[in-house]
Chemist: 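Can you read through this structure? Questions will come right after.
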Amino acid sequence: MNRFHSLINKKLHIACPIIQAPLAGSSSPELVSAVSNAGALGSLGAALMSPEAITAAIGKIRSSTDCPFNVNLLIPSKTPRKSGIIKMQRRLNRFREELHIEQHLVQPVIEKGKFEHQIKAVLEAKVPIFSFAFGMLSDKWIEAFKRAGTTLIGVATTLEEALALEKAGIDMLVAQGCEASGHRAGFLNREEDALIGTMALVPLLSDRLTIPVIAEGGIMDGRAVGAALIMGAEGVQLGTAFLTTDESPISHAHKHALLCGVQSKTVLTRAFSGRLGRALENRFIIQMQHDKGPIPSFPIQGRLTADIRKKAEETGNGDFCSLWAGQGVEFCRKISCKELINALMEELEEAMGGTLAFYEYFRWKKSA
Ligand SMILES: Cc1cc2nc3c(=O)[nH]c(=O)nc-3n(C[C@H](O)[C@H](O)[C@H](O)COP(=O)(O)O)c2cc1C
């Protein structure tokens, strides 16, 4: 029995105050249902999927769990800058030569209107929970999801973004600290100006907002879950910790890099996609930084580097993969989702043992 029952448990109908972070390209229906079946909330990062694939994946999740789950999309950036593409292709051709893939100078195709089709597929599936990042969901979609009975979760990296999401009518929000793996989720501030740590962001947002706050960024064990709850979060969202679970579909090279502990230095880089994100430092990042020169904007740079990353993953070459990782990478465990969630809850109990009275007082004070 979970003693740390919070608003997240109540509103999302889950037993543990834990959410597996949406991981585009790295989450599968198997991962999502394993997490949900273990009493936490599984999330499908659907941003890279076609509308048909999203519908099929939701069907697969439903066939393997009766528990709630979340589907996530990324709000598209308005007008990606197209300058510097050919120059970047020339820079990338050196890596292509080394990986024995075809060199080229072509412009990538960015599909227009993809997001509208993706979000329609999610809406039609009447999913229990929908989350989004990189922007604000328009009123049209907020109203449509509310009519469908879907709970909405947005992601904020600053107080300004959090207040805007609350004002728009979002049900709860994720406070993304700068320790987090993958892309920075913010949308109102320049990414470099919105690098607040989880420890500072969570108390700030939970004091200033009326909607529940979910802490994320660098949370890897039950101690950190407890700290987030004490700071006022109603739940936690973990990405890196789930990347190394048995059900995680990431490449062998990525899993090995996260688990082997040889390279634990994470850096913020635009080299892979054009958008700032946290990954394990590798040769690709170092070389791109060394070359200097502008990087085309998101998602163009992501399309340009796609063939390099794919070949590197296929051949197990960690030097050229995007090894997304949070600052807590050294705490990665090679276990199943169920074992991870049970361990987090046991560690939470242990860590909070002495402070339980304070925690209960804090909850009472907050709700009074
Ligand atoms: C491989 C990968 C893919 C991600 N894809 C998404 C995504 O599609 N949508 C999203 O909101 N966040 C995405 N994120 C960010 C995570 O949801 C979350 O912010 C991060 O994993 C939390 O940090 P942690 O790893 O320190 O727990 C992704 C992160 C990773 C590592």
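This structure is a prediction, so every number in the text was calculated from the model and none was measured. Residue numbers count from 1 along this sequence. Every number for a ligand or one of its atoms is a count from 1 in the order of the listing.
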Chemist: Decide yes or no for F187 and T158: does some side-chain heavy atom of the first lie under 4.5 Å from some side-chain heavy atom of the second?
Modeler: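 They are not in contact (no side-chain heavy atoms under 4.5 Å apart), so the answer is no.
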Chemist: Taking N93 for its side chain and Q103 for its backbone only, find out whether a donor-acceptor pair lies under 3.5 Å.
Modeler: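 Judged by distance alone, no pair lies under 3.5 Å.
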Chemist: By the ring-ring contact (aromatic ring centres under 6.0 Å, His included) test, which pairs, at least two apart or in different chains, include something from residues 136-159?
Modeler: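 Matches after skipping sequence neighbours: F130-F145.
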Chemist: List below, pair by pair, the N or O atoms of ligand 1 and of the protein that are less than 3.5 Å apart, including the distance to 0.1 Å; reply 'none' if no pair qualifies.
Modeler:
unit_1   : atom_1 : unit_2 : atom_2 : d
ligand 1 : 5 (N)  : P22    : O      : 3.4
ligand 1 : 5 (N)  : A24    : N      : 2.9
ligand 1 : 8 (O)  : A24    : N      : 3.3
ligand 1 : 9 (N)  : N72    : OD1    : 2.8
ligand 1 : 11 (O) : N72    : ND2    : 3.3
ligand 1 : 14 (N) : P22    : O      : 3.3
ligand 1 : 17 (O) : P22    : O      : 2.9
ligand 1 : 19 (O) : Q176   : NE2    : 3.1
ligand 1 : 19 (O) : E216   : OE1    : 3.2
ligand 1 : 19 (O) : E216   : OE2    : 2.6
ligand 1 : 21 (O) : S181   : OG     : 2.7
ligand 1 : 23 (O) : S181   : N      : 3.2
ligand 1 : 25 (O) : S181   : OG     : 2.6
ligand 1 : 25 (O) : T240   : N      : 2.8
ligand 1 : 25 (O) : T240   : OG1    : 2.4
ligand 1 : 26 (O) : G218   : N      : 2.7
ligand 1 : 27 (O) : G239   : N      : 2.8

Chemist: Centroid-to-centroid, H254 to W324, below 6.0 Å?
Modeler: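 No, the ring of H254 stays outside the 6.0 Å limit from the ring of W324, centre to centre.
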Chemist: Taking I8 as the fixed residue, which of I214, V213, I18 is the one that meets the side chain to side chain contact (heavy atoms under 4.5 Å, CB included) rule?
Modeler: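 So, applying the side chain to side chain contact (heavy atoms under 4.5 Å, CB included) to I8 and each of I214, V213, I18, only I214 qualifies.
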Chemist: Please check if any side-chain donor atom of R184 sits under 3.5 Å from a side-chain acceptor atom of Q176, or the reverse.
Modeler: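 Indeed, the side chains of R184 and Q176 share at least one donor-acceptor pair under 3.5 Å.
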